[in-house]
*Asks:* 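Quick one: the structure is below, questions incoming.
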Amino acid sequence: VQLQASGGGLVQAGGSLRISCEASGRTFSSLTMAWFRQAPGKEREFVATILRYGSTYYADSVKGRFTISRDNAKNTVFLQMHSLKPEDTAVYYCGANVDNYPYMRPSEYNYWGQGTQVTVSS
């Protein structure tokens, strides 16, 4: 599975941004997809995951502000981010897993994209 993330950028606090991750190499609809993020000097942390049939799970820090979704026809997973805060600044990575389970640790994901930078200015 190859993953290509895109859509990052610079946004002011309180703003919105949508990032995307396109997958190839395997039937996309069979994959659990997730977003993680990693700020400088910190470990990679779970943000959100979406299972094969659309069930979603979120980190408490983003619940109510971020929405993960998928378009199986386009082999793409999205992360819509609203009410962004400076502490959301990080490189955002998409991950994929062949199990239909809401894993929340990076070690449980088999495949990773290259990451896209999201910077929120105060």
Side-chain angles (χ1 to χ4, degrees):
V1 177
Q2 292 78 46
L3 303 175
Q4 181 72 39
S6 62
L10 174 64
V11 63
Q12 289 188 332
S16 299
L17 195 66
R18 188 178 81 159
I19 56 178
S20 305
C21 176
E22 184 174 0
S24 62
R26 190 181 180 103
T27 302
F28 179 75
S29 58
S30 70
L31 297 170
T32 289
M33 300 298 298
W35 287 99
F36 286 74
R37 64 188 182 187
Q38 189 166 16
K42 295 188 176 181
E43 294 186 350
R44 192 169 297 189
E45 66 172 2
F46 170 77
V47 175
T49 186
I50 184 166
L51 305 188
R52 293 173 188 168
Y53 303 114
S55 297
T56 57
Y57 301 82
Y58 296 92
D60 288 343
S61 59
V62 306
K63 207 171 289 184
R65 300 189 298 122
F66 291 10
T67 301
I68 188 171
S69 61
R70 65 192 300 161
D71 184 337
N72 290 341
K74 296 182 178 179
N75 294 344
T76 301
V77 62
F78 303 97
L79 186 69
Q80 178 69 56
M81 302 179 286
H82 295 296
S83 302
L84 282 160
K85 305 174 182 180
E87 51 264 44
D88 294 317
T89 295
V91 177
Y92 283 70
Y93 295 91
C94 59
N97 190 295
V98 299
D99 297 329
N100 190 39
Y101 189 82
Y103 294 119
M104 297 183 183
R105 292 183 294 186
S107 60
E108 292 163 335
Y109 283 81
N110 310 105
Y111 308 99
W112 291 97
Q114 86 287 4
T116 185
Q117 176 71 48
V118 173
T119 303
V120 184
S121 63
S122 57

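Because only heavy atoms are used, hydrogens play no part in the values below, and waters and symmetry mates are left out as well, while side chains stay in.
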*Asks:* Output the distance between atom CD (Q80) and atom CZ (R65), rounded to the nearest 0.5 Å.
*Replies:* 12.5 Å
*Asks:* So which heavy atom on V98 is nearest to which on R52, and how close?
*Replies:* O-NH2, 2.9 Å
*Asks:* Looking only at the side chains, is there a donor atom on one of Q117 and T119 sitting less than 3.5 Å from an acceptor on the other?
*Replies:* yes
*Asks:* Donor-acceptor check, side chain of Q114 to backbone of A5, threshold 3.5 angstrom: yes or no?
*Replies:* yes
*Asks:* Can you see which heavy atom on A48 is nearest to which on L79, and at what distance?
*Replies:* CB-CD1, 4.4 Å
*Asks:* Do V77 and I68 have side chains that get closer than 4.5 Å, going by heavy atoms?
*Replies:* yes
*Asks:* Once rounded to the nearest 0.5 Å, what's the spacing between atom OH of Y92 and atom OG of S6?
*Replies:* 15.0 Å
*Asks:* Is K85 paired with D88 through a side-chain N to carboxylate O contact shorter than 4.0 Å?
*Replies:* no
*Asks:* Using the rule that two of Ile, Leu, Val, Met, Phe, Trp, Tyr join whenever any of their side-chain heavy atoms come within less than 4.5 Å, decide whether V120 and V47 are in one cluster.
*Replies:* yes
*Asks:* With side chains defined as the heavy atoms from C-beta onward, is the minimum distance between F28 and M33 less than 4.5 Å?
*Replies:* yes
*Asks:* Could you tell me if the side chain of R37 sits less than 4.5 Å from the side chain of E45, heavy atoms only?
*Replies:* yes
*Asks:* I'd like to know whether C21 forms a side chain to side chain contact (heavy atoms under 4.5 Å, CB included) with W35, so could you lay out the CA-CA distance, the side-chain angles of the two residues, the decisive distance to 0.1 Å, and finally the verdict.
*Replies:* CA-CA 9 Å; C21 176; W35 287 99; 3.7 Å; yes
*Asks:* So which heavy atom on A13 is nearest to which on S122, and how close?
*Replies:* CB-CA, 4.3 Å
*Asks:* Could you tell me which non-hydrogen atom of G8 sits nearest to which non-hydrogen atom of V118, and how far apart they are?
*Replies:* CA-CG2, 4.2 Å
*Asks:* Members other than L10 in its cluster, when Ile, Leu, Val, Met, Phe, Trp, Tyr link by side-chain heavy atoms under 4.5 Å?
*Replies:* none
*Asks:* Tell me whether T32 contacts the main-chain N or O of D99 through its side chain, where contact means a donor paired with an acceptor under 3.5 Å.
*Replies:* yes
*Asks:* List the atom of S20, the atom of T76, and the distance in Å for their closest heavy-atom pair.
*Replies:* CB-CG2, 4.1 Å
*Asks:* Under a 4.5 Å side-chain heavy-atom rule over Ile, Leu, Val, Met, Phe, Trp and Tyr, are F78 and I19 clustered together?
*Replies:* no
*Asks:* First locate atom CD of Q4, then atom OG1 of T116, and finally report the distance between them rounded to the nearest 0.5 Å.
*Replies:* 9.0 Å
*Asks:* Taking transitive links into account, so neighbours of neighbours count too, which hydrophobic residues share a cluster with Y57 at under 4.5 Å side-chain distance?
*Replies:* F36, F46, L51, V91, Y93, Y101, Y103, M104, Y109, W112
*Asks:* Near K42 NZ, under 6.0 Å, is it more than 12 heavy atoms from other residues, nucleotides or ligands?
*Replies:* no
